[in-house]
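Since the structure is predicted, the reported quantities are computational estimates derived from the model, not experimental observations. Every chain is numbered from 1 and lettered A, B, ... according to where its sequence line falls, protein lines coming before strand lines.
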Amino acid sequence: MRDSVGTVRTVLLLGGRSEIGLAIVERLVREGAREVVLAARGGVAEPPAALAALGAKVHSLEFDATAPDTHTATVDGAVALVGDLDVVVDAFGVLGTQADYEADPAAAARAAAVNYTGHVSAGLAVAARLREQGHGALVVLSSVAGVRVRRFNFVYGSAKAGLDGFAQGLADSLHGSGARVLVVRPGYVPTRMSAHVDPAPFPATPAQVAEAVSAGLRSGATTVWAPRVLAPVFAGMRLMPRPIWRRLGR
Amino acid sequence: MASQPERPVLLTGWGRTAPTAARVVRPRSAAQVARALAEAGPRGVLARGLGRSYGDAAQAAGGTVLDCTELTGPIRLDADRGEVTVPAGVSFERLIAHLLERGYFVPVTPGTRQVTVGGAIAADVHGKNHHADSSLGAHVRSLTLAAPTGETLTLTPDGGDAELFRATLGGMGLTGVVTEATLAVLPVETSYMRVDTDRTDSLDATLDLMSRTDADYRYTVCWVDLLAKGSAMGRGVLTRADHAGPRDLPPALRRDPLRHRAGSPLAAPPWAPPGLLNSWTVGAFNAVYRGAAPRRRRGEAQPIAGFFHPLDAVRGWNRLYGPHGLVQYQFVVPFGAEDTLVRIMEGLSRAGAPSFLTVLKRLGEGTGGHLSFPRPGWTLAVDLPAGLPGLGRMLRRFDELLLAADGRLYLAKDGRADAETVHAMYPDLPAWRKVRERVDPDGVLVSDLARRLRLL
Ligand SMILES: Cc1cc2nc3c(=O)[nH]c(=O)nc-3n(C[C@H](O)[C@H](O)[C@H](O)COP(=O)(O)OP(=O)(O)OC[C@H]3O[C@@H](n4cnc5c(N)ncnc54)[C@H](O)[C@@H]3O)c2cc1C
């Protein structure tokens, strides 16, 4: 339950090794969260020491994004560990490279399953729980890559576009239920996952994304961009003529 | 037979923070209360009154909330026994009007008339007369409790189940639903108060004057100015009063001395920008408020409504705090722990906390309710904008000071403390749980407050 000064007690991270996800969790723990569930394939055997050092109790949970049949059980497992879920951070995903995907269509479809359909089953399982408990927030890590899909990473981008639309629809379906969805649209975030791509303008660190998420959770926002300047930048990008858009490298 | 699942409704306390959704049912009789308890779903049931507790005491996320404001009916005054029997959903507004017309007053009233009898018992509310008369629980002669076991229990302070009676005073709705209560009443000759007002120039002067003269009056309270700087911090306006007799009234009022004018409230605007109440606007308000108070005035006749419930004059004033809402921090520290009181007041002052409702009072003996708040000592209540940066951290620091000084927080005002802190502040919690488990073995009664503070 969020308290009257906006502090939450429990956090579930789907994608328990995600750097951005962990930065968000750490931020929430610094602000007072006391119970954390890190859910990832094979569990998270060695959670970041910082979380426990900050006073949180850290649990590990098996979660396989590609096994949608198990997602409700994962959510139930988290509830069994910590009770009501105050914040669920949906941060799992793979980036890959466009060239590899074009060379291996099956691999592209598998990546799309992690980046899109996995979130559909996980998101709906989480939403059902939040609706039942009458409170809670689902933080969905979308990306500017999905705002307008680009030639250079359209497999990843199209999955994010689907996810972004899914999350917005889910948010509307939860309206009035006490539960809510916060869609997060980071730009380029230098992490292990993005180490192989060239830096893009307006980067944000995981900590900055976390700060934006924390502020969005407090203010009741439905969408946050990190950095914030990306909102007007992408408002402009959407208007860019297709022939120019097509040629944009990054 | 489960009734139609209705759309959930978002509920908050008076502070308008942390909404959660619940199905709301409006029982109109004790039988309907019993049925709602019997039909409880997995997320539990909770009674709610007029929602004047500030935090999450009257919410039950995902569960069923029994809005008890339609548990009304005739008010039965028994003048010979000096008591009144009243359905739990009746408001103090209605009860006070009913009693005053007949020459009686409630034994205790909180700072607003917009509370139900059930909500007042569940919080074991205190008033400006706590030092003289203790809290409401001391004046409850009996109460009817609908328990989740399906029983309807009549509880008295020294009858068969005195333990459950105590557990219900201040029990925050977690021992059952109060459907009716019999309260002792206070005979009065007029609907006025005879009020003495003094302005003080420093915190020391405030504390000193209160300590010396509390015993001389039935009612006392001090409004303090935390935004004043330097030695003026903690200066205040102290009002002390007793019920007025006819001779205390100006001749024009003597003809109809019991006439009660509650007035119709002004409405606050439905929306206020975030940050409307900041240290500048509130500082200005404080200066004007204090300036308008007389330095020293004796024997002024004030209507009961104005003396006890000045805030009721503005309907929906909580909205002035904007979309983030407000947090009230109320604590008590034992007499002798004045240094803790002063440190917290200085902390608030340093933070420039824009509180225009800062109230200081001395409390007397408690009622023995396991979770009842009042105990002998100083109590301070401060209203703070929930969006104030660093508020959570500052209040956690204050909690630590309170713990070290054997102080405690008031659950009816809380929406943010952590479980360990509150457990340490209420040593009778384990005993309360034992009593509770007896009447609610399946854990049907639950609230957001109970979940957050792990009371059950
Ligand atoms: C402006 C203002 C001034 C105040 N001043 C004071 C003051 O001076 N002293 C003081 O002590 N308090 C004060 N309060 C707090 C208020 O008196 C309490 O919070 C009181 O409990 C509110 O009553 P309610 O009917 O609104 O109950 P709610 O806020 O709706 O509920 C409060 C609690 O009572 C329980 N409850 C409600 N009805 C029943 C029932 N029928 N049976 C069992 N449990 C029930 C609920 O479950 C909940 O735990 C003030 C509040 C405001 C807004």
query = Tell me, side chain or backbone of Arg131(A) under 4.5 Å from chain B's heavy atoms, or both, or neither?
reply =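 When you check distances to chain B, no heavy atom of Arg131(A) falls under 4.5 Å.
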Side chain, backbone, both or neither of Arg180(A) within contact of chain B (heavy atoms, under 4.5 Å) =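 No part of it gets close to chain B.
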More than 12 heavy atoms of other residues, nucleotides or ligands under 6.0 Å from [atom1] of [X]: yes or no?
X	atom1	result
Arg343(B)	CZ	no
Arg30(A)	CZ	no
Arg148(A)	CZ	yes

Any chance you could measure [X], atom [atom1], to [Y], atom [atom2], to the nearest 0.5 Å?
X	Y	atom1	atom2	value
Leu326(B)	Ser4(A)	CG	OG	9.0 Å
Asp3(A)	Asp448(B)	CG	CG	11.5 Å
Arg452(B)	Arg9(A)	CZ	CZ	11.0 Å
Leu453(B)	Met1(A)	CG	CE	10.5 Å

request  = Report yes or no: does Arg43(B) contribute a side-chain atom to a donor-acceptor pair with the main-chain N or O of Gln133(A) at less than 3.5 Å?
outcome  =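 Indeed, once roles are kept as given, a pair shorter than 3.5 Å links the two residues.
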ask   = Can you find a pair of side-chain heavy atoms, one from Arg416(B) and one from Thr7(A), that are under 4.5 Å apart?
value =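 They are not in side-chain contact.
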task = Examine whether an atom of Arg393(B) lies under 4.5 Å from a heavy atom of chain A, and if so say whether it belongs to the side chain, the backbone or both; otherwise answer neither.
result =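 Contact with chain A involves no heavy atom of Arg393(B) at all.
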query = With only heavy atoms counted, which part of Asp56(B) is less than 4.5 Å from chain A, the side chain, the backbone, both or neither?
reply =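 It is neither, since no heavy atom gets under 4.5 Å.
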ask   = Can you name the nearest heavy-atom pair linking Ala61(B) to His135(A), along with the distance?
value =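 Distance-wise, the nearest heavy atoms are CB-CD2, 3.7 Å.
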